[in-house]
Amino acid sequence: MTVWQDYLNLMRNLTKTLTQLAQLEREKNAAASAGDLVMVEECIKREQVMSLTLRGYDQKRDIMLADLGLKGITLDQLEQHSPDEFQLETKAVVEELRRQYKLFQAASTVARDTLEVNLRAIERLQAKQAGDAAEAEQTRKNHQTDFRA
């Protein structure tokens, strides 16, 4: 049952990655709230790297499930198909993975909402500045003296 243990280890690694992603989302939220665009960009770059890691886990998971004869089995169904000696461990791993996924989703939603709010504020500020610049140009033209006379 080494393959099953390897599969559970893969799920644990996935859980750790989701924990790191949730922390990264919190950092991105803090950076967005503070208007630190450099840090937001850094967080986005780190997210992209981690998304490649997740893709790798997904591919390994598919291969391992096929090796176990469980292709197409969902996380919800995993405990039902686990060997008896791994049922409790499987249940614990699945529950922790679900918990971390929910925490990641919550952190991601907050960060996305914060970014959207801040982007709207920046767009309004830019529109106001563009309007102020146009108004200043018009005022300058109206008060310009013609020295050609």
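- Put simply, V94 and L54 are part of the same group of oily side chains (I, L, V, M, F, W, Y) that touch within less than 4.5 Å, one to the next.
- Between Q5 and F86, the closest heavy-atom pair is OE1-CE2, 2.7 Å.
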Validation: residues 31-42 side-chain donor-acceptor distances under 3.5 Å, sequence neighbours left out:
{"residue": "S33", "atom": "OG", "partner": "N29", "partner atom": "O", "Å": "3.0"}
{"residue": "D36", "atom": "OD1", "partner": "V38", "partner atom": "N", "Å": "3.4"}
{"residue": "D36", "atom": "OD1", "partner": "M39", "partner atom": "N", "Å": "3.1"}

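- Residue pairs that meet the side-chain hydrogen bond (donor to acceptor under 3.5 Å, both in side chains) test with at least one member in residues 50-59, sequence neighbours left out, are D58-R61.
- Applying the salt bridge (charged side-chain N to carboxylate O under 4.0 Å, His left out) test to residues at least two apart or on different chains, the pairs with a partner in residues 74-84 are D76-R98.
- Grouping the Ile, Leu, Val, Met, Phe, Trp and Tyr side chains by contacts below 4.5 angstrom, directly or via other members, places V3 with L14.
- Scanning both residues, Q87 and S82, for their nearest heavy atoms gives CG-OG, 2.9 Å.
- Within the structure, every pair that satisfies the side-chain hydrogen bond (donor to acceptor under 3.5 Å, both in side chains) test and touches residues 104-113, not counting sequence neighbours, is listed here: Y101-Q105.
- Under the 4.5 Å side-chain heavy-atom criterion for ILVMFWY residues, a single connected hydrophobic cluster contains both F104 and L97.
- Looking only at side-chain heavy atoms (C-beta outward), D67 and Y7 stay at 4.5 Å or farther from each other.
- Considering CE of M64 and CG of D6, their distance stands at 4.5 Å, rounded to 0.5 Å.
- Nearest heavy-atom pair across L65 and I73 is CD1-O, 4.0 Å.
- V110 and I44 are assigned to two separate hydrophobic clusters, defined by single-linkage of ILVMFWY side chains at heavy-atom distances under 4.5 Å.
- With sequence neighbours left out, the side-chain hydrogen bond (donor to acceptor under 3.5 Å, both in side chains) criterion links N9 to R12.
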What donor-acceptor contacts under 3.5 angstrom involve side-chain atoms of residues 15-22, with partners at least two apart or in another chain?
{"residue": "T15", "atom": "OG1", "partner": "M11", "partner atom": "O", "Å": "2.9"}
{"residue": "T17", "atom": "OG1", "partner": "N13", "partner atom": "O", "Å": "3.0"}
{"residue": "T19", "atom": "OG1", "partner": "T15", "partner atom": "O", "Å": "2.9"}
{"residue": "T19", "atom": "OG1", "partner": "Q100", "partner atom": "OE1", "Å": "2.9"}

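- To the nearest 0.5 Å, the span separating CG on L24 from CZ on R46 amounts to 4.5 Å.
- Grouping the Ile, Leu, Val, Met, Phe, Trp and Tyr side chains by contacts below 4.5 angstrom, directly or via other members, places L8 with L75.
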